[in-house]
Amino acid sequence: MPTIKRSKPNKQDIKLLYETVRIAHQAKENGNHPFGALLADKDGEILLEQMNDYEEGGSAMHAETLLLFKASKLYDPELLATCTLYTNAEPCVMCTGAMYWTNVRRLVFGITEKKLLELTGADEQNPTFNLPSHDVLAHGQKDMEVVGPAEDEALLKAIVEDHRSFWIH
């Protein structure tokens with residue numbers, strides 16, 4: 001039976017989550033939804049960054065899924081198993097599935113999917129599932145680690161502000 005380890009972000013995780021905020025803010029400045037993701041190796045070195053980009057991927061290609069598709073073409077599954085996906089907001093079902101299928105075994109996120117739903121409300125551009133990533137991963141067959149939500153107040157404030165200013169008009 002696979003295990004889903006749950007933990008809180010460490011200092012390196014917080015530092016890299018701030019990078020996802022930078023990426024998400026740039027996505028918003030470019031007119032896209034404010035989501036940002038990055039892939040880091042076991043030493044915390046950033047391998048790839050990705051923002052939501054509708055020109056590149058359309059509405060079904062969230063930042064995390066775009067990043068993971070690119071990662072699966074660049075890196076073998078053994079290396080990806082040692083990497084971490086960082087994202088400013090907890091990945092949706094699709095993005096969590098992309099993480100699972102590309103063999104990335106560790107996820108670190110800023111705000112929960114539930115918090116995201118509070119921020120987006122009934123906005124038809126983001127019909128949030130409100131299904132935690134650890135629940136999705138618990139139905140798989142791999143040992144995984146889910147880290148989050150973040151507790152750093154300044155980080156959370158920055159994530160929430162980007163979403164509030166985008167979704168609430």
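Values below: every heavy atom of this structure, side chains too, minus hydrogens, waters and symmetry copies. Note that the numbering runs from 1 along the sequence shown for the chain.
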List the atom of [X], the atom of [Y], and the distance in Å for their closest heavy-atom pair.
X    : Y   : value
G36  : N88 : N-OD1, 3.0 Å
Q12  : G44 : NE2-CA, 3.4 Å
A37  : L67 : O-CD1, 3.6 Å
L79  : D76 : N-OD1, 2.8 Å
C83  : L39 : CB-CD1, 3.7 Å
P149 : P9  : O-CD, 4.0 Å

Please check if [X] and [Y] belong to a single hydrophobic cluster, counting links between Ile, Leu, Val, Met, Phe, Trp and Tyr side chain heavy atoms closer than 4.5 Å.
X    : Y    : value
Y100 : L131 : no
W101 : M94  : no
V160 : Y86  : yes
Y18  : L47  : no
L17  : V146 : no

Q. Does N52 use its side chain to pair, donor to acceptor, with the backbone of A63 at less than 3.5 Å?
A.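 Yes; judged by distance alone, with no hydrogens or angles, the pair exists.
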
Q) Does N30 use its side chain to pair, donor to acceptor, with the backbone of A27 at less than 3.5 Å? A)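 Not at all, since once roles are kept as given, no pair shorter than 3.5 Å links the two residues.
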
Flag the pair [X] / [Y] as yes when at least one side-chain heavy-atom distance between them is below 4.5 Å, and no otherwise.
X    : Y    : value
P132 : E90  : yes
V108 : T20  : no
F35  : H163 : yes
I4   : D135 : no
E113 : S133 : no

Q) More than 12 heavy atoms of other residues, nucleotides or ligands under 6.0 Å from NZ of K142: is that the case? A)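 Check passes, neighbour count above 12.
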
Q: I would like to know whether E64 and M99 meet side-chain contact (heavy atoms from CB on, under 4.5 Å); could you show each step before the answer?
A: CA-CA 8 Å; E64 301 91 338; M99 181 185 134; over 6 Å; no

Q. Quick one: salt bridge (charged side-chain N to carboxylate O under 4.0 Å, His left out) partners of E118, sequence neighbours excluded?
A.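 Counting only residues at least two positions away or on another chain, E118 forms a salt bridge (charged side-chain N to carboxylate O under 4.0 Å, His left out) with K115.
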
Q. What residues, two or more places apart in sequence or in another chain, satisfy side chain to side chain contact (heavy atoms under 4.5 Å, CB included) together with I23?
A.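 Result, side chain to side chain contact (heavy atoms under 4.5 Å, CB included) vs I23: L38, E49, M51.
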
Q: Not counting sequence neighbours, which residues clear side chain to side chain contact (heavy atoms under 4.5 Å, CB included) with H25? List them please.
A: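 For H25 the side chain to side chain contact (heavy atoms under 4.5 Å, CB included) partners, ignoring immediate neighbours, are K28, E29, D162.
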
Q: Just do the side-chain contact (heavy atoms from CB on, under 4.5 Å) check on R106 and V147 with the steps written out, would you?
A: CA-CA 8 Å; R106 186 169 186 264; V147 181; 3.7 Å; yes

Which distance, rounded to the nearest 0.5 Å, do you find between the [atom1] of [X] and the [atom2] of [Y]?
X    : Y    : atom1 : atom2 : result
H139 : H134 : NE2   : NE2   : 10.5 Å
C95  : L66  : SG    : CG    : 8.5 Å
L156 : E151 : CG    : CD    : 8.5 Å
T96  : F109 : OG1   : CZ    : 9.0 Å
T82  : D43  : OG1   : CG    : 8.5 Å
D152 : I14  : CG    : CD1   : 5.0 Å

Q: Could you check L68 against V104 for side-chain contact (heavy atoms from CB on, under 4.5 Å), going step by step and ending with a plain yes or no?
A: CA-CA 9 Å; L68 291 162; V104 175; 3.8 Å; yes

Q) Does a side-chain N-to-carboxylate-O contact under 4.0 Å join R164 and E161? A)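 Judged by the 4.0 Å cut-off on N to carboxylate O distance, R164 and E161 do not form a salt bridge.
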
Q. Does the pair L48 and L74 meet the rule for a side-chain contact (heavy atoms from CB on, under 4.5 Å), with working shown?
A. CA-CA 10 Å; L48 292 171; L74 294 170; 3.8 Å; yes

